2 protein chains.
Amino acid sequence: MAEGPSIFPNLPRVAAVKQDALPYEPVCAIFRRYLHGSKLKFTPERAMILDAVLRQKGLFEAEKLLSELDRLGHRASRATTYRTLSHLQDAGILKQVFFDNKQSYYEVIAGRQAYDYLICVATGRVIEFSSEKVRKLREEICREHGYSPLSHQFHIFGLSPEAAAEQARERPSGEESNAQKK
Amino acid sequence: MAEGPSIFPNLPRVAAVKQDALPYEPVCAIFRRYLHGSKLKFTPERAMILDAVLRQKGLFEAEKLLSELDRLGHRASRATTYRTLSHLQDAGILKQVFFDNKQSYYEVIAGRQAYDYLICVATGRVIEFSSEKVRKLREEICREHGYSPLSHQFHIFGLSPEAAAEQARERPSGEESNAQKK
DNA sequence: CTGATTGCAAACACTTTGCAGCAGA
DNA sequence: TCTGCTGCAAAGTGTTTGCAATCAG
């Protein structure tokens, strides 16, 4: 099960553009600093999980992390993994992303600009992009309301060129929307 | 349970800015047209649910809809409600929004611009806003990648003026992040 | 030493689904 | 009639939690 993420009811499968992995050391230092500051402990399990997280390229799900952890021979229970994922967010190393109501996705944000996503609803392909304009707009909107921005998520759903061509061929005047029939 | 939505691990409660409800007739016509076109039937249950949906002001959760349905004496099972919610999305009347991994939120989009959200992570208050600039930016980004935009979700997380002041008072040099301790 | 951490299994909560009887068109 | 629809209750599933043993600092 959970063989492939289903980012949206009708999205076949996610295939996020890969991003480079980050080196372990500097991020680990951030984590240890955070843990220390919160009177939490740096344990082997947490080190393993952080390591596995940093190996991820682009978006990933908890399930993927779990399976990779024990593929690498590292054993860390589901519970510990989820708990650590949460701490990594608090430490500002990870960002949780909500695309659908099935599961959460995660993305490493330590030392890099957070990404936004362009998702093809037909193929499930996800393009990660980073836009200065999005950040500017976010600032502007917050300012208008007197808010101080902390983070944001900008997800654009659409059709990739290939998918659009495909659909035009199949049903010249059809509807799209997010059909989720059985 | 589900007494109050928890839009984010540490968000106390959602209190979306209220939006005007839409009149039933025109939207119902859209729904019937959609149903007819898809060889689906217009049933009393679906009518009741659509009616309850249109009474919602701003964002709402399935749970809220359910409770209101039977408060109004309308009985529609959970199953039917969820199934109808799905059809309403296909009909372009409703949009599903993903803020957290707990539940889905919905918003009526028929005949209006979809909203984006500015969420205060301290108070849980949600401000709905509609920005032409966001739509323009979405077009632009899609164009760059050759995509055809269908929809988007732009969620900005931050601190409301009050919350920011509050936090500054409590911990002059503290961390924030999305703590989700127990 | 002492409080935080771990793994396990059970608990959770939202959502989906199988099924038998019902009912629009 | 012929499909599609409904309610119910059971199944699903990602995530969380209680607890006793263990371990980091």
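Computed from a predicted structure; not experimentally measured. Convention: sequence-line order gives letters A, B, ...; per-chain numbering from 1.
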(message) Can you say whether a donor on the side chain of A:Arg83 sits under 3.5 Å from an acceptor on the base of C:dG7, or the other way round?
(response) yes

(request) Figure out the CZ/P separation between B:Phe98 and D:dG14, and round it to whole Å. (result) 15 Å

(message) Using OP1 and OP2 only, check whether a side-chain N or O of A:Thr43 sits under 4.0 Å from D:dC23.
(response) no

(request) Tell me which nucleotide among C:dC8, C:dT5, D:dG7 gets nearest to the side chain of A:Arg46. (result) C:dT5

(request) May I ask you to say whether A:Arg135 pairs ionically with A:Glu132, meaning some side-chain N is under 4.0 Å from a carboxylate O? (result) yes

(request) Just compare D:dC8, D:dG4, D:dT15 and give me whichever is closest to any side-chain atom of B:Ser77. (result) D:dC8

(request) Please figure out whether B:Lys39 or B:Thr81 has its closest DNA chain D nucleotide nearer the 5' end. (result) B:Lys39

(message) As a test of reading the structure: which of C:dT17, D:dT15, C:dT15 is closest to the side chain of B:Ala79, going by heavy atoms?
(response) C:dT17

(request) For A:Tyr105 and D:dG14, give me the distance from atom OH to atom P, rounded to whole Å. (result) 10 Å

(request) Look at the side-chain N and O atoms of A:Ser104 and state whether any lies under 4.0 Å from the OP1 or OP2 oxygen of D:dT15. (result) yes

(message) Is B:Tyr82 close enough to C:dT16 that one of its side-chain N or O atoms is under 4.0 Å from OP1 or OP2 there?
(response) no

(message) Nearest whole Å is fine: how far is D:dC5 C1' from B:Leu85 CG?
(response) 16 Å

(request) Give a yes/no on whether any side-chain N or O of A:Thr80 is located under 4.0 angstrom from OP1 or OP2 of C:dG7. (result) yes

(message) Measure NE2/A:His87 against C1'/C:dA4 and give the value in whole Å, please.
(response) 10 Å

(message) Tell me whether A:Glu162 is salt-bridged to A:Arg125, with the criterion being a basic N under 4.0 Å from an acidic carboxylate O.
(response) no

(request) Salt-bridge test for A:Lys133 and A:Glu140: reply yes if a basic N is under 4.0 Å from a carboxylate O, no otherwise. (result) no

(message) Can you measure A:Asp90 atom CG to C:dA4 atom C1' for me and round it to whole angstrom units?
(response) 16 Å

(message) Distance check needed: C:dA13 C1' versus B:Leu66 CG, whole Å only.
(response) 13 Å

(request) Please report, rounded to the nearest Å, how far the C1' atom of D:dG18 is from the CZ atom of A:Arg78. (result) 18 Å

(message) Quick test of your reading of the model: are B:Arg75 and B:Glu45 salt-bridged, counting only N-O distances below 4.0 Å?
(response) no

(message) What is the separation between atom NZ on A:Lys64 and atom P on D:dT15, rounded to the nearest whole Å?
(response) 15 Å

(request) Return the 5'-most residue of the pair B:Lys41, B:Ala76 with respect to DNA chain D, ranking by each residue's nearest nucleotide. (result) B:Lys41

(request) Please report the shortest heavy-atom distance between B:Leu69 and B:Ala76, naming the atom on each side. (result) CD1-CB, 4.3 Å

